[in-house]
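Following: one structure in structure tokens, then a few remarks.
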Amino acid sequence: MRALFVTLPEKSHLFCMTPVAWALRVAGHDVRVASSPQLTDAITGTGLTAVPVGLAPNMHDGMAHNRESQESEFTDWNNPDDAGQTWDSILLRYKMCVGYGFVGYNQPMMSDLIKFSRYWRPDLVVWDALAYAAPLAAHAVGAAHVRSMCWADVWGAMRRSFLRLRAEAPADRHEDPMADWLGEHAGGFSEDMVTGQATIDSLPASLGADAGLRRIPVRFVPYNGPAVVADWLREPPTRPRICLTLGTSNFERFGGDYVSISDLLGALADLDVEVVAALVPDQRASLRSVPSNVRVVQSVALNTLLPTCSAVIHHGGFGTYSTALVCGVPQLIVTTTISDHVFRARSLTRAGAGLYLMADQLTAAGLRDRVARLLSEPLFLANALRLRDNSLAHPTPHDIVPTLQDLVAEHRQ
């Protein structure tokens, strides 16, 4: 069969989809990956075939000039089942997100993607859960289509809350910004344009968001591009090793991190630990000084580093979070309210496998206290190992290929 993967032009989203794309490819299926032109090199770097569509959206420039948007109520999707939501508040959230986010990412590639789909005729479309141009392309050619999560499914859970509150609202107020937008471009609307016909989800159910949708569990397989095992990783550490990483997304999207790496390293300087700071060049250049217990590295693959670590400190990104899960490493998340970061941080804390701090509440004492707890309280490691076992019990990307084939066959009936 022909499988078309569609992602927003975000490397982190692409990398989460890559193992399933390769599983289909190895099973003999024809696979293409479509996105905006600026992601072409990243796609071809995975060894997959790229389909550049449309024009490059100008989203990142807008985000960098509006850094406060990362902590806006409209980018905060951490409480999708909040009973305190009202119809007015959730309707405004959708109006704002459609008007300023979803349209901005999707509109530049929508026409080209549909045109390519009509030419190539995919049997299956696998889409990044915010790449809403993809289900329109699938509907245009009658393809089966599934979402691929690189979040907890707060998007599906919020949609369920939206539909519940909409049904309770007066009949003359049954607005639906998603249906209006997508239906206009598809010549009609169906709910699977928002939530897919199924959802590929790597999170253990205890950490995810229950959206009440058809779910295809899959094991998270870490992938971040070309990787090399550094020579210093080939021997066990002589004291507890802590990984510190703030990822690349804040630099790529918002013009910089929301906490000071120098402050984080300074807070850990008097602990008897080895801190491995995995930084990008801009982050490294911003360092005021490097404490004696810190090793600064670049281009290290987290799946080669984290198995040697006793804890990881990070910004809440899904790739880091999930790599730590499958490596069984306790986590300290220092984050903002964007997307589902706090939702996943709370879930991990409830599971006893980590702790979290909001970036605007970070103090040196608070950081040291939480790191000391992760290292000294055995239950954090025990629970992290339990979640690791739960994660590794999921079907592999290879194992879900027959499920995806069955979905295509089911859709054809």
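Each of Arg147, Arg215, Arg159 was evaluated against Asp153; a single residue qualifies, Arg147, per the side chain to side chain donor-acceptor pair (under 3.5 Å) test.
You'll find the side chain of Leu24 reaches within 4.5 Å of the side chain of Val401, heavy atoms only. Looking only at side-chain heavy atoms (C-beta outward), Ile43 and Phe5 stay at 4.5 Å or farther from each other. You'll find the side chain of Val275 stays beyond 4.5 Å of the side chain of Arg241, heavy atoms only. Proximity of Met109 to Val6: side-chain heavy atoms (C-beta onward) are separated by under 4.5 Å at one or more points. Considering only heavy atoms from C-beta on, Pro177 stays 4.5 Å or farther from Phe102 through its side chain. The shortest side-chain heavy-atom distance between Ile313 and Val334 falls under the 4.5 Å cut-off. A 4.5 Å side-chain heavy-atom check between Val276 and Ile242 finds every atom pair outside the cut-off. Side-chain contact between Asp201 and Pro217 is absent, with no heavy atoms from C-beta onward closer than 4.5 Å.
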Quiz item: Could you go step by step and tell me if Val342 and Arg346 meet the side-chain contact (heavy atoms from CB on, under 4.5 Å) rule?
Solution: CA-CA 6 Å; Val342 176; Arg346 288 175 186 151; 3.4 Å; yes
Exercise. Take Arg388 and Ser391, measure what side-chain hydrogen bond (donor to acceptor under 3.5 Å, both in side chains) needs, and give me the verdict at the end.
Key: CA-CA 5 Å; Arg388 177 202 64 185; Ser391 298; over 6 Å; no
Exercise. Take His394 and Val218 through the test side-chain contact (heavy atoms from CB on, under 4.5 Å) and record every step on the way to the result.
Key: CA-CA 5 Å; His394 281 173; Val218 69; 5.7 Å; no
Practice problem: I would like to know whether Leu8 and Tyr132 meet side-chain contact (heavy atoms from CB on, under 4.5 Å); could you show each step before the answer? | Solution: CA-CA 9 Å; Leu8 299 186; Tyr132 293 110; over 6 Å; no
Practice problem: Starting from the C-alpha separation in whole Å, work towards a yes-or-no answer on side-chain hydrogen bond (donor to acceptor under 3.5 Å, both in side chains) for Thr403 and Asp406. | Solution: CA-CA 5 Å; Thr403 302; Asp406 290 345; 5.6 Å; no
Self-check item: Residues Ser202, Met149; criterion side-chain contact (heavy atoms from CB on, under 4.5 Å); working and verdict
Solution: CA-CA 7 Å; Ser202 65; Met149 298 308 300; over 6 Å; no
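Distance CE/Met17 to CD1/Ile200: 7.5 Å, rounded to 0.5 Å. Annotation: the span from His341 atom NE2 to Asp76 atom CG amounts to 11.0 Å, rounded to 0.5 Å. Here the straight-line distance linking atom CD of Gln107 with atom CE of Met110 works out to 4.5 Å at 0.5 Å rounding. Here the OG-CG distance, from Ser286 to Leu279, works out to 7.5 Å after rounding to the nearest 0.5 Å. In this structure, the separation between CG on Leu374 and CG on Leu379 is 12.0 Å, given to the nearest 0.5 Å. One distance of note links CZ of Phe220 with SG of Cys327; it measures 9.5 Å at 0.5 Å rounding.
A donor-acceptor pair under 3.5 Å is formed between the side chain of Gln283 and the backbone N or O of Val280. Checking side-chain atoms of Arg370 against main-chain N and O of Gly366 turns up a donor-acceptor pair under 3.5 Å. The backbone N or O of Thr320 sits nowhere less than 3.5 Å from a side-chain atom of Gln331 that would complete a donor-acceptor pair. Without hydrogens or angle criteria, Asn106 side chain to Leu130 main chain gives a donor-acceptor distance under 3.5 Å. A distance-only check finds no donor-acceptor pair linking the side chain of Arg219 to the backbone of Ala393 [under 3.5 Å]. A donor-acceptor pair under 3.5 Å is absent between the side-chain atoms of Ser148 and the main chain of Trp127, judged by distance alone. In this structure, Ser35 contributes its side chain and Thr7 its backbone to a donor-acceptor pair below 3.5 Å. Side chain of Asp340 to backbone of Phe343: no donor-acceptor contact under 3.5 angstrom is found. Side-chain atoms of Asn78 come within 3.5 Å of backbone N or O of Ser339 as a donor-acceptor pair. Remark: the backbone N or O of Val300 is not paired with any side-chain donor or acceptor of Thr304 at under 3.5 angstrom.
Taking the six-membered ring where the residue is Trp, Trp77 and Tyr94 present perpendicular rings, their angle passing 60° and hence far from 30°. Taking the six-membered ring where tryptophan is involved, the planes of His185 and Trp181 are perpendicular, since the angle between them exceeds 60° and thus also 30°.
The pair Arg93-Glu73 fails the salt-bridge criterion, with no side-chain N (NZ, NE, NH1 or NH2) lying under 4.0 Å from an Asp/Glu carboxylate O. Residues Asp88 and Arg173 are paired through a salt bridge, judged by an N-O separation under 4.0 Å between the basic side chain and the carboxylate. For Asp192 and Arg214, the salt-bridge test fails: no basic side-chain N is under 4.0 Å from an acidic carboxylate O. The pair Arg32-Asp30 counts as a salt bridge, with a side-chain nitrogen and a carboxylate oxygen less than 4.0 angstrom apart. With salt bridges taken as basic N to acidic carboxylate O contacts below 4.0 Å, none links Arg166 and Glu175.
When ring centroids are compared, His145 and His139 come within the 6.0 Å threshold. Aromatic ring centres of His13 and Trp151: separated by under 6.0 Å. Aromatic ring centres of Tyr223 and Trp22 lie farther apart than the 6.0 Å criterion allows.
Heavy-atom minimum distance, Val312 versus Val329: N-CG1, 3.9 Å. Residue Met193 comes nearest to Ala186 through the heavy atom pair CE-CB, 3.6 Å, listed as atom of the first residue, atom of the second, then distance. Ala211 and Ala157 make their closest contact through CB-N, 3.5 Å (heavy atoms, listed as atom of the first residue, atom of the second, distance). The two residues Ala311 and Leu375 make their nearest non-hydrogen contact at CB-CD2, 4.3 Å. Closest of all the heavy-atom pairs between Ala278 and Thr245 is O-OG1, 3.7 Å. Residues Gly316 and Arg344 come closest through the heavy atom pair O-NH2, 2.6 Å.
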